[in-house]
Structure formats: structure tokens, C-alpha cells
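Start at 1 and go down the list; that is how both ligands and their atoms are numbered. Here, residue 1 is the first one in the sequence, and each next residue gets the next number. Side chains included, hydrogens not; waters and symmetry mates left out as well; all remaining heavy atoms used.
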Amino acid sequence: MSSEAQPQTTAHATGVKEPDPKILVFCCNWCSYAGADLAGVSRLQMPPYFRTIRVMCSARVDPEFVLRAFQRGADGVLVAGCHPADCHYIGGNYRTRRRIALLKMLIQQFGFDPDRLRLEWVSAGEGEKFQKTIIEFTNTIKELGPSPMARGDE
Ligand code: FES
């Protein structure tokens, strides 16, 4: 049987096994993806529960992408972009900041804790910040447990 057919779980101190968290990370090409790459080549240890999608700018992350990720079972979505004033497209990340604030309110209406969506600025030289962000976000998502979609609440 292939490993894809096996549900992946995490054992807890209580002995109860929960599915591993599924985290989607959108990284802008010019800063955050390079920061993620730096974390990787520096062999910084991170929980293995995230998948990265590279976009040209954090502003390329259409709200529909985030909603679709949650709809398809993501437990958490992280959007990482250039620091304010460093966006390669001048003001993309300012749009992203406003958009994420609105999306947090929207997902709350759908029964999702707004902490399941996070925005973080990570530069190309901040491999350690990328690592720290992934560790923190993974812990947050583990504390929140499986998404309402996975629990069948929605
Ligand atoms: S290019 Fe990085 S946030 Fe716009």
C-alpha cells in the first residue's frame, strides 16, 4: 500500500492520535521564498507539515486561493511577503495586509478561528525568522486542532 493511502497522524501525550496538520504557505518570490530557501539550505529544523507555493508577490494571493485552501482541508494558511516598503511591486504587500485583515473577519464568519490565517514579513536573509514563523504557526494550528471542514462542522 502506498504511503499516500495511509492517514498521517500525530501521537499526543494522551495517546489520542490526531491527523497531522495541513499548512499551506504562500511565499512571495523576491523575499520570503528566498528566506524559506535559506532556512532549507541552512538545515534549520522545522515541522514537516507545510507545503510552499511560490507567488510573484504576496498580493498575488487572491482571497479565493485562501478560501479554497480551507475548503479543501487546509488547517492553516500562512502568507509570507516582503517587509513593508520592500515589495518588488512597490505597494503589493500593503494590499496584502488589508486583504488578510478582511479575510480573517470573513473566515471567522465561516466558523474558522482567525488565527488559522497568518501574515508574516520575511526577507531573503531571514531564514531563522522563516523557521521561527513555521514553528510558531504549526504550534498554533496544533492547538486549534483540525479545521472545521475536517471535523464536519461546516
Ligand atoms: S514582491 Fe514580496 S510582497 Fe510584493
Side-chain angles (χ1 to χ4, degrees), residues 3-4 8 10 18-151 153-154:
S3 62
E4 286 180 52
Q8 297 180 334
T10 301
E18 283 192 1
D20 290 338
K22 293 191 218 72
I23 296 172
L24 193 61
V25 182
F26 291 100
C27 286
C28 94
N29 180 61
W30 303 101
C31 285
S32 307
Y33 192 81
D37 198 35
L38 179 61
V41 297
S42 303
R43 296 178 171 271
L44 301 180
Q45 296 297 306
M46 288 175 276
Y49 308 120
F50 70 97
R51 297 292 177 269
T52 305
I53 295 178
R54 177 163 45 171
V55 290
M56 291 310 286
C57 175
S58 63
R60 179 65 186 90
V61 180
D62 190 297
E64 189 186 342
F65 298 170
V66 174
L67 297 176
R68 192 169 293 182
F70 283 124
Q71 182 193 27
R72 295 195 177 181
D75 298 306
V77 176
L78 170 67
V79 179
C82 306
H83 284 268
D86 285 348
C87 176
H88 199 73
Y89 305 98
I90 314 298
N93 49 6
Y94 295 119
R95 287 194 192 90
T96 304
R97 185 160 56 191
R98 290 193 294 269
R99 197 176 282 165
I100 295 295
L102 289 171
L103 269 168
K104 278 176 169 280
M105 288 191 274
L106 187 63
I107 64 171
Q108 203 166 11
Q109 296 297 313
F110 293 139
F112 286 80
D113 191 301
D115 288 345
R116 290 187 184 276
L117 176 60
R118 178 168 172 169
L119 171 64
E120 198 64 54
W121 309 131
V122 179
S123 77
E126 292 182 319
E128 287 183 11
K129 182 174 183 186
F130 184 82
Q131 176 201 33
K132 182 173 164 272
T133 301
I134 291 295
I135 291 170
E136 281 177 8
F137 192 53
T138 302
N139 289 339
T140 300
I141 297 303
K142 280 185 168 182
E143 281 171 22
L144 291 172
S147 89
M149 295 294 286
R151 292 195 310 256
D153 293 357
E154 291 301 308

Nearest-0.5 Å distance, OG of residue S58 to CZ of residue R95 = 10.0 Å
Backbone or side-chain N/O/S of C28 under 2.8 Å of atom 2 (Fe) of ligand 1 = yes
Taking everything shown except R99 itself, do over 12 heavy atoms lie less than 6.0 Å from its CZ?
-> yes
Starting from atom 1 (S) of ligand 1, locate the nearest protein heavy atom and write down its residue, its atom name and how far away it is, to 0.1 Å.
-> H88 N, 3.4 Å
Could you pull out the closest heavy-atom pair between L38 and G127, with the gap in Å?
-> CD2-N, 3.6 Å
Side-chain donor-acceptor contacts of residues 129-136 below 3.5 Å, not counting sequence neighbours, with atom names and distances?
unit_1 : atom_1 : unit_2 : atom_2 : d
K129   : NZ     : E120   : OE2    : 3.3
K129   : NZ     : W121   : O      : 2.7
Q131   : NE2    : Q45    : O      : 2.9
K132   : NZ     : E136   : OE2    : 3.2
T133   : OG1    : K129   : O      : 2.7
E136   : OE1    : R118   : NH1    : 3.3
E136   : OE1    : R118   : NH2    : 2.9

Atoms of ligand 1 close to C57 [distance to a heavy atom under 4.0 angstrom, numbered from 1] | 1 (S), 3 (S), 4 (Fe)
Does L102 CG have over 12 foreign heavy atoms under 6.0 Å away?
-> yes
Check ligand 1 against W30 and write out every atom of the ligand that is under 4.0 Å from a heavy-atom position of the residue.
-> 1 (S)
Heavy-atom side-chain proximity of I100 to L117 below 4.5 angstrom = yes
Just which atoms of ligand 1 are under 4.0 Å from any heavy atom in M56?
-> 1 (S)
Atoms of ligand 1 under 4.0 Å from any heavy atom of C87, numbered from 1 in the order shown, are 1 (S), 3 (S), 4 (Fe)
Quick one: does ligand 1 sit under 4.0 Å from the side chain of C31, the backbone, both or neither, non-hydrogen atoms only?
-> neither
